2 protein chains.
Amino acid sequence: MAEGGNGVGRARPNIYEVADRAEVSIATVSRVQRGSSAVRAETRRRVLAAIKELGYRPSVAGRALAERRHAAVAVVFPTLSGPYYAEVIAGCEDATVERGESLLILGTHRRPRVDDLVFDLAHRVDGLVVMGQTVDDAVLAALARDAVPLVLLGRPSVAEAPSVRSANAAPAVELTTHLIAEHGFERLAFVGDVDSAPDVAERWEGFVEAHRRARLEPPPRPVSAGFREADGFAVARAAFASGANRPQALVCANDELALGACRAARSLGLAVPDDVAVTGWDDVSLARLVPPGLTTVRQPMRELGAAAARLLFERIDTAAAQPASLMLPSELVIRSSCGCASEQDTQFTTDEGRG
Amino acid sequence: MAEGGNGVGRARPNIYEVADRAEVSIATVSRVQRGSSAVRAETRRRVLAAIKELGYRPSVAGRALAERRHAAVAVVFPTLSGPYYAEVIAGCEDATVERGESLLILGTHRRPRVDDLVFDLAHRVDGLVVMGQTVDDAVLAALARDAVPLVLLGRPSVAEAPSVRSANAAPAVELTTHLIAEHGFERLAFVGDVDSAPDVAERWEGFVEAHRRARLEPPPRPVSAGFREADGFAVARAAFASGANRPQALVCANDELALGACRAARSLGLAVPDDVAVTGWDDVSLARLVPPGLTTVRQPMRELGAAAARLLFERIDTAAAQPASLMLPSELVIRSSCGCASEQDTQFTTDEGRG
DNA sequence: TTGTACGCGTTATCAT
DNA sequence: ATGATAACGCGTACAA
């Protein structure tokens, strides 16, 4: 381990030094080191010895130049706050390391000149995973024209780039139907900004679809801004203010909003789920910790990231075929906030925090 | 925006094509493009036009080879689960983008051949931020011998590499003294694995020091494994089982443990803080949301990451001088779980979740 | 099986 | 102010 003492400050050896030391040509070093063509066993041994003695590692820049590839990909995301993006990126990282390559990251939230940043990034990797609404369609189109392999994540397909998503409509139908059929609710409300993200729009559509199937009139399209706990608090307060006609259940576009709604209920002396049911989306670690356990929908975040990266590699390796888009299933997680029995609220391992 | 239509599939133009089009030599293109030496205004104009028309961007590989630098750094971390590492990495990313460079990431948790991964990584960037106990000291020493610029984060200095940390001992003294002096507690317990991380060890030492100053006998050194919610639950259950002599306050090494301890208390019919006080460390987003608001210590996570990256850049730019290590202050966050009045538990914006 | 020589796209030095 | 040209480190035809 930790290759040996080639003196302090000594410049990194290059392929020529290795060749000299092993008394072969650089071509042979390259062959040995890449494990490619046939090399006589004895020669290979000598070369390997020289590599080890010198602590030689091929220069990525030189190799990138010669091979015309970077052995690296990048993921573009809005922000690292919250568990969603971090988990997805972790999935990308898993798949990337598994392939023996490197992962670059770029956050776009509140950053000027994002287009330029993305173009620069595109030129130092072999492909890009682009999450959510972080990059303009026009930029994606331009990248596609430049033949930059692209995979989209949690966002509709654009510029013929394949996309990886998790199910929204189906679980939304399932969740809403659960509230209607199992718990007998008739006045539901949807909390979330339908126009801000396709994911949310699809959840809303599933919500409406469930009403249609139950022959119930869906509530009017919600107007609300934001995804934050405070937003959920405000919207829920307003909803609860409608007196006797207040909704019996709040279907929130994410767990943050749902937690805010729970707080709003508490602040008005309403009990969840006895006085009002609340559901979330994402299954953040809080969801199972805060009483009552939040009924929500779990997206396979890490798998989403890994799948996107693998799709990207496929796209890189076979420039020809466009791999199809992928839809990963989401899982309904029934806890107590919808009104179901508590049943000891699952396990409590959260994998948060550190030493 | 989005440079123009140089036909589909057209190969990326290189500096020669630009030179041809502008009717200059590649040297001039390089000069213009780098903004270096003097170039006649008219010439510059022509070159700029050619660059724009062709959508030229210099190849990072070519540049890296010529300049012998990568314009990129990497951060090595254990895992992306939980808010701590994600926030720190976000800080690194801020500082990196601010400098116009790129950030590579490598997670080591549960990964085989970490040493090799790190060595590979080191060869494709200009320097490394290494977090926590992710990499063996021997590997760090080897990297240092190879003249790889290194900055350590949240870990004691090794191999003469500067380190960035947040204060542990001082806030631990402050927190413990608060419990002793303000709330009059005399039987405290420390929850956390003191031997697993230097950070935790320092928090423990601060805890002991506060006892010393108050002329109180500190409890025996705790034996506990893990940092997780479930670990806190288990340890706290055991502590509460000691009957009348049970601790009046639990000082936990992080918020996860503290939340587990709270749950343990609940499960035994003990109220927090009325029957037992609990404090955490980190101020994760849960800390202010779960009732009662958790008294904890806030580390400047994002600033830690940014500071580490900037220190690394300094180290890269001035190979000679070793920048000194940095210690960033941590902030005591008093909420209700220590027994202080609730006072409407601060704001509720959490920045978690997404659309 | 092995070696020679060229190309990859820049930067930088040295002439002019 | 501008142009030739030599590195930079590697992969790989092609030749031997």
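As the structure is a computational prediction, the values presented were derived from the model and not from experiment. Proteins get letters first, then strands, A, B, ... in listed order; numbering begins at 1 in each.
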Student: What bend angle does the helix from C:dT1-D:dA16 to C:dT16-D:dA1 show across its length, from five-pair end axes and to the nearest 10 degrees?
Tutor: 40°

Student: Is B:S157 reaching over with its side chain to a backbone N or O of B:E160, donor-acceptor style, under 3.5 angstrom?
Tutor: no

Student: Could you tell me how far apart B:D20 (CG) and C:dG9 (P) are, to the nearest whole angstrom?
Tutor: 14 Å

Student: Just by distance, no angles: are the side chains of A:R124 and B:S102 close enough, under 3.5 Å, to form a donor-acceptor pair?
Tutor: yes

Student: Looking at D:dG3, C:dT11, C:dG7, which one has an atom nearest to any side-chain atom of A:A66?
Tutor: C:dG7

Student: From CD1 of A:I51 over to P of D:dC10, roughly how many Å is that when rounded to an integer?
Tutor: 10 Å

Student: Check every atom of D:dT2, D:dG9, C:dT2 against the side chain of B:R40 and return the nucleotide holding the closest atom.
Tutor: D:dT2

Student: On DNA chain D, does the nearest nucleotide to B:G62 precede the nearest nucleotide to B:Y16 from the 5' side, or the other way round? Give the residue.
Tutor: B:Y16

Student: Looking at A:T28, I'd like to know whether one of its side-chain N or O atoms comes within less than 4.0 Å of OP1 or OP2 on C:dT2.
Tutor: no

Student: Sub-3.5 Å donor-acceptor pair from the side chain of B:R99 to the main-chain atoms of B:A95, do we have one?
Tutor: no

Student: Does C:dG3 have OP1 or OP2 under 4.0 Å away from a side-chain N or O of A:S25?
Tutor: yes

Student: Side chain of B:R68: nearest nucleotide among D:dT2, D:dC8, C:dT11?
Tutor: D:dC8

Student: Between C:dT10, D:dG3, C:dT2, which nucleotide gets closest to the side-chain atoms of B:R63?
Tutor: C:dT10

Student: Select one nucleotide: of D:dC10, D:dG9, C:dA12, the one nearest the side-chain heavy atoms of A:I15.
Tutor: D:dC10

Student: Separation of A:R69 atom CZ from D:dT12 atom C1', in whole Å?
Tutor: 15 Å

Student: Nearest to the side chain of A:I26, heavy atoms from C-beta on, is which of D:dT2, C:dT10, C:dA5?
Tutor: C:dA5

Student: Does a side-chain N or O of A:R34 approach OP1 or OP2 of D:dT12 to a distance below 4.0 Å, or not?
Tutor: yes

Student: Of all the choices, C:dT10, C:dG9, D:dT2, which nucleotide is nearest to the side chain of B:Y56 once you look at every atom?
Tutor: C:dT10

Student: Ignoring backbone atoms, test whether A:Q33 places a side-chain nitrogen or oxygen under 4.0 Å from the OP1 or OP2 oxygen of D:dC10.
Tutor: no

Student: Using a 4.0 Å heavy-atom cut-off, does B:V60 contact any base of the nucleic acid, only the sugar-phosphate backbone, or nothing at all?
Tutor: nothing

Student: So does B:V148 get a backbone contact from the side chain of B:D146, meaning a donor-acceptor N/O pair under 3.5 Å?
Tutor: no

Student: Could you check how far CG of A:L65 sits from P of D:dG11, rounded to whole Å?
Tutor: 11 Å

Student: Between C:dT11 atom P and B:N14 atom CG, what is the distance in whole Å?
Tutor: 12 Å

Student: Rounded to the nearest Å, what distance is computed from the CZ atom of residue B:R12 to the C1' atom of nucleotide C:dC8?
Tutor: 12 Å

Student: Do the side chain of A:R69 and the main chain of A:D126 share a donor and acceptor less than 3.5 angstrom apart?
Tutor: no

Student: Report yes if a side-chain nitrogen or oxygen of B:S30 is closer than 4.0 Å to either non-bridging phosphate oxygen (OP1 or OP2) of C:dT11; otherwise report no.
Tutor: yes

Student: State which of C:dG3, C:dT10, D:dC10 makes the closest approach to the side chain of A:P58.
Tutor: D:dC10

Student: Check for a donor-acceptor pair, side chain of B:R21 on one end and backbone N or O of B:E53 on the other, with a separation under 3.5 Å.
Tutor: no

Student: For A:T96 and A:C92, indicate whether the former's side chain and the latter's backbone hold a donor-acceptor pair under 3.5 Å.
Tutor: yes

Student: Between the main-chain N or O of B:E17 and the side-chain N or O of B:N14, is there a donor-acceptor pair closer than 3.5 Å?
Tutor: yes

Student: Okay, side chain of B:R165, backbone of B:M327: is any donor-acceptor separation there less than 3.5 Å?
Tutor: no

Student: Distance check needed: D:dC10 P versus B:R124 CZ, whole Å only.
Tutor: 14 Å

Student: Any donor-acceptor pair under 3.5 Å linking the side chain of A:T134 with the backbone of A:M131?
Tutor: yes

Student: Please determine, for the side chain of A:T43, which listed nucleotide (C:dG9, D:dC10, C:dT1) has the closest atom?
Tutor: C:dT1

Student: Enumerate all atom pairs, one protein N or O and one N or O from nucleotides 13-16 of chain D, separated by less than 3.5 Å.
Tutor:
none

Student: Quick one, B:V24 and B:V18 - any side-chain contact, counting heavy atoms below 4.5 Å?
Tutor: no

